[in-house]
Enquirer: 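Take a look at the following structure, please.
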Amino acid sequence: MTIADQSGRPEARTHNAARISIRFGKRATLDASVTTAGMLSAGALVSAILLSTAVVVAAAGRTGARRALAAPDRDAGD
C-alpha cells in the first residue's frame with residue numbers, strides 16, 4: 001500500500017460565489033459578486049425585517065388597546 005505525498009502540493013480552495021454584470025446603455029456597468037455566506041446573511045436580514053413588520057402591523061390593528069389608554073371625556077357630563 002502506497003500513500004501519496006501531497007506535502008508540496010498547494011491546497012486547492014474553491015469559493016462558491018455568484019457573479020453578475022449588468023450594463024446600462026453604453027457607459028454604465030454594474031458588477032456584483034455574492035458568496036454563500038453573503039446570501040445567507042441577506043436572507044436572514046430579509047426574514048427579520050418581514051417578521052418585525054408583521055408584528056408592527058398586528059399591533060397597529062388592535063384598536064381596543066388604544067381606546068383603553070385614552071383619557072375619559074370630562075365635559076360630557078355637563
Side-chain angles (χ1 to χ4, degrees):
M1 178 178 202
T2 305
I3 299 175
D5 182 25
Q6 297 180 357
S7 60
R9 187 174 171 191
E11 187 176 321
R13 292 188 179 198
T14 59
H15 297 285
N16 294 330
R19 291 190 179 107
I20 188 167
S21 179
I22 300 173
R23 187 174 183 132
F24 300 103
K26 294 182 179 181
R27 297 183 184 161
T29 304
L30 173 70
D31 294 322
S33 176
V34 180
T35 63
T36 306
M39 289 295 288
L40 288 174
S41 62
L45 183 64
V46 169
S47 298
I49 289 170
L50 290 175
L51 287 173
S52 64
T53 304
V55 170
V56 169
V57 169
R62 286 186 266 157
T63 58
R66 279 189 268 141
R67 289 184 186 156
L69 295 175
D73 189 16
R74 299 195 188 266
D75 293 333
D78 293 332

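Only heavy atoms go into these numbers, but all of them, side chains included; no hydrogens, no water, no symmetry mates.
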Enquirer: Would F24 end up clustered with I20 when hydrophobic side chains under 4.5 Å apart are linked, directly or stepwise?
Expert: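 Cluster IDs for F24 and I20 match.
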
Enquirer: Looking only at heavy atoms, what is the nearest atom pair of G38 and V34, with distance?
Expert: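 Heavy-atom minimum between the residues: C-CG1, 4.1 Å.
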
Enquirer: How long is the straight-line distance from CG of L40 back to CG of L45, given to the nearest 0.5 Å?
Expert: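 If I round to the nearest 0.5 Å, the distance is 12.5 Å.
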
